[in-house]
Amino acid sequence: MIRTRQLLTLTAGLAAMVFAVQSGMSAATAHATAPTVKPAAATAAAKPNIVFVLTDDMSANLLQYMPEVQKLQSQGTSFSDFVVSNSLCCPSRSSIFTGEYPHNTGVLSNTAGSNGGFKAFHDNGLEKDTFAAALKAKGYRTAMMGKYLNGYDPKSTVDGQQPYVPRGWSQWDVVGNGYPEYNYKLAHNHKMEPHGDKDKDYLTDVLSKKGQSFIKKSAAANKPFMLELALFTPHGPSTPAPRDKKDFPGLKAPQGPAFDKLPTNAPPWLARQNPLTQSEKTAIDKKFRKRAQALQAVDKMLGKLRQSLTSAHVADNTYVVFSSDNGFHLGEYRLKAGKQTAFDTDVRVPLVIAGPGVAAGRTSHAQVSNIDFAPTFEKIGGAAVSSKVDGHSMLPLLDGGSDAGWRTANLIEHRHAKPAHDDPDNHGTESVSPPNYHAMRTNSYTYVEYDSGAKEYYDLSTDPDELHNIAGQLSRARLAKLHDALTGLKNCHGDGCWSAGHP
């Protein structure tokens, strides 16, 4: 693999040869007299940079509408079985920040008062345990931009600060309710920036410019940096940029084998779902089209960020990571618009990583999870990974090596959420929050246990669309082994989660 120092040497050699041809002298003489090629951040090359673009509610079937992400795939490694620990915004993002499963963060929902939201994350003291805190302690400039955690409000006073900026972040450009993309207040460090309803206020574009500026300033300062751009897109209302409102005319939602169809032996909460009406299908088509339109600004952002890395001469020493906090269903299993189930539509999301030494155009089938982000970022930055972390660094998977030895099972947790006016994922009549469950997802099956005693088992090798629940056909011995393996995962802590992930 070619590291940054090697690339600098090669670049200098090429510059010398070009100089020789232009000057009519020998390459050896030219090498001594040619201008030195020295990127602005050369002194920081020992510590790679990280740019992390995180979407909100992005399902894998939207990748085909994002050419910049597809370009990133061709230049990096994609993960076909990346699974989130909880298909809900705040619990998932808490796992991303800390590398811990929800049962260890204690963040189990979006709202305060039910072990959830920003309040639970803050009250549980988790802000000192994030990858940002670890990287900043190692000399990184760290920036958080966009969406933090549900319930965070720039207008509120927390720990005597207003706006409140958690520890670990050098730059803070965060919005409370940014879902509409307009008419929001952005906390720029400890100052408030109001934004209105003009085209220039479109949130994704505002964040894109701030991200580009952060890259430029960090490179100029010869400082390693970690930038997280956490978008509100394509979460509803899925507002596209003005320039993208007419994109994909007539686009309809995919109607795969699971569309408007119940699995056989569906659990009681799902079995009661009625067939979709024509008006509901029409609404689903409109939602899918708007989601694709809204993601165009995110795709453009990714391209501009990468251009900024190139212009700042740090592209070869920067990991670019693209993913989502959870997936989304639209009509599958007779469920209208939402997430929170253990189906692949909701828990299996895109993950693409490109950067120094990363194999290009490769797809890894390793069972990676959102708990693996924090230890990966910390390893990149040379920070120690806490023994509390449940995840594992993905770096050994990125250089084209074998997936052998990686965990074989991921845990998915869910706590039923009651409708709440302040919860963007549990209000109205569309979203359905299943009863409490724990699930185990491997490359060959998904196994679900509900607190009620109901069970699901889908054989992914013969039933990739998860349409045949065959839990009732499994032997008592097989069910006992599955139960023991799942129990080990749902009770694991720290390093014990790695062994529990090898049932």
Side-chain angles (χ1 to χ4, degrees), residues 50 52 79 81-88 90-109 115-116 120-138 149 166-168 226 228 321 323 325 347 351 366-398 403-415 436-442 447 449 482-503:
I50 305 165
F52 181 28
F79 291 85
D81 280 325
F82 173 66
V83 174
V84 297
S85 57
N86 185 307
S87 183
L88 190 63
C90 204
S92 177
R93 290 172 186 245
S94 297
S95 289
I96 290 171
F97 282 130
T98 63
E100 297 179 39
Y101 280 122
H103 67 263
N104 289 327
T105 65
V107 182
L108 306 174
S109 71
N115 295 316
F121 194 82
H122 176 73
D123 292 352
N124 293 348
L126 296 173
E127 286 163 330
K128 70 180 188 303
D129 297 326
T130 66
F131 60 75
L135 291 175
K136 189 176 182 184
K138 299 299 290 187
L149 296 166
R167 63 184 296 178
M226 192 288 160
E228 176 174 346
V321 182
S323 192
D325 59 355
V347 301
L351 172 59
Q367 300 297 300
V368 293
S369 171
N370 56 352
I371 61 171
D372 299 323
F373 281 125
T376 301
F377 296 159
E378 288 163 3
K379 284 286 189 180
I380 288 173
V385 178
S386 168
S387 60
K388 294 172 58 177
V389 169
D390 303 328
H392 212 67
S393 169
M394 293 181 281
L395 285 179
L397 300 172
L398 295 177
D403 297 338
W406 191 258
R407 78 167 70 87
T408 57
N410 278 315
L411 173 68
I412 304 158
E413 308 182 62
H414 171 74
R415 174 175 288 190
N436 295 356
Y437 71 76
H438 288 84
M440 182 168 58
R441 205 273 189 190
T442 76
Y447 174 66
E449 287 185 353
L482 288 167
H483 173 75
D484 289 346
L486 179 55
T487 300
L489 273 170
K490 73 180 187 180
N491 292 327
C492 75
H493 299 275
D495 292 340
C497 293
W498 181 249
S499 56
H502 292 82

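With Asn115 contributing its side chain and Val107 its backbone, the two residues share no donor-acceptor pair below 3.5 Å. Proximity of a side-chain donor or acceptor of Ser109 to a complementary backbone N or O of Pro91 within less than 3.5 Å is not detected. Judged purely by atom type and a 3.5 angstrom limit, Asn410 has no side-chain atom pairing as donor or acceptor with the backbone of Ser85. At least one donor-acceptor pair closer than 3.5 Å links the side chain of Arg407 to the backbone N or O of Gln367. Remark: the backbone N or O of Cys492 is not paired with any side-chain donor or acceptor of Asp390 at under 3.5 angstrom. Remark: the backbone N or O of Val83 is paired with a side-chain donor or acceptor of Ser369 at under 3.5 angstrom. Looking only at distances, a side-chain donor or acceptor of Thr487 sits under 3.5 Å from a matching main-chain atom of His483.
Separation of atoms CD (Glu228) and OG1 (Thr130) is listed at 9.5 Å; rounding is to 0.5 Å. Once rounded to the nearest 0.5 Å, the distance linking NE2 of His392 with CG of Asp372 reads 8.5 Å. Taking NZ of Lys490 as the start and CD of Glu413 as the end, the distance is 9.5 Å to the nearest 0.5 Å. Atom-to-atom distance recorded for Leu489:CG and Met440:CE is 6.5 Å, nearest 0.5 angstrom. Atoms OG and CG, from Ser386 and Asp495 in turn, are 9.0 Å apart once rounded to the nearest 0.5 Å. Separation of atoms OG1 (Thr376) and CG (Leu398) is listed at 7.5 Å; rounding is to 0.5 Å.
Using a 4.5 Å heavy-atom threshold, the side chains of Asp325 and Val84 count as separate. Lys388 places none of its side-chain heavy atoms less than 4.5 Å from the side chain of Asn104. Looking at heavy atoms from C-beta onward, Leu149 lies in side-chain contact with Phe97 at the 4.5 angstrom threshold. Counting only heavy atoms from C-beta outward, the side chains of Leu351 and Phe373 approach each other to under 4.5 Å.
Nearest heavy-atom pair across Trp406 and His502 is O-NE2, 3.2 Å. Residues Phe82 and Ser323 approach most closely at CE2-OG, 3.2 Å, considering heavy atoms. Ala366 and Asp403 make their closest contact through N-OD2, 3.5 Å (heavy atoms, listed as atom of the first residue, atom of the second, distance). For the residue pair Lys138 and Ala383, the shortest heavy atom distance occurs at CG-CB, 3.7 Å. Across His438 and Leu486, no two heavy atoms sit closer than the pair O-CD2, 3.6 Å. The two residues Asn86 and Leu108 make their nearest non-hydrogen contact at ND2-O, 4.4 Å.
Defined by atom type and a distance below 3.5 Å, a donor-acceptor pair is missing between the side-chain atoms of Ser95 and Asn370.
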> Going through the distances and angles, do Asp129 and Thr98 end up as a side chain to side chain donor-acceptor pair (under 3.5 Å)?
Replying inline: CA-CA 6 Å; Asp129 297 326; Thr98 63; over 6 Å; no
> Can you list the steps and then say if Asp81 with Arg441 is a side-chain contact (heavy atoms from CB on, under 4.5 Å)?
Replying inline: CA-CA 9 Å; Asp81 280 325; Arg441 205 273 189 190; 2.9 Å; yes
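The aromatic rings of His414 and Tyr437 lie parallel to each other, their planes meeting at an angle below 30°, with 60° marking the opposite boundary. Ring pair Tyr101/His103 is parallel by interplanar angle, where below 30° counts as parallel and above 60° as perpendicular.
For Lys379, the NZ atom counts as loosely surrounded, since its 6.0 Å shell holds 12 or fewer non-hydrogen atoms of other residues, nucleotides or ligands.
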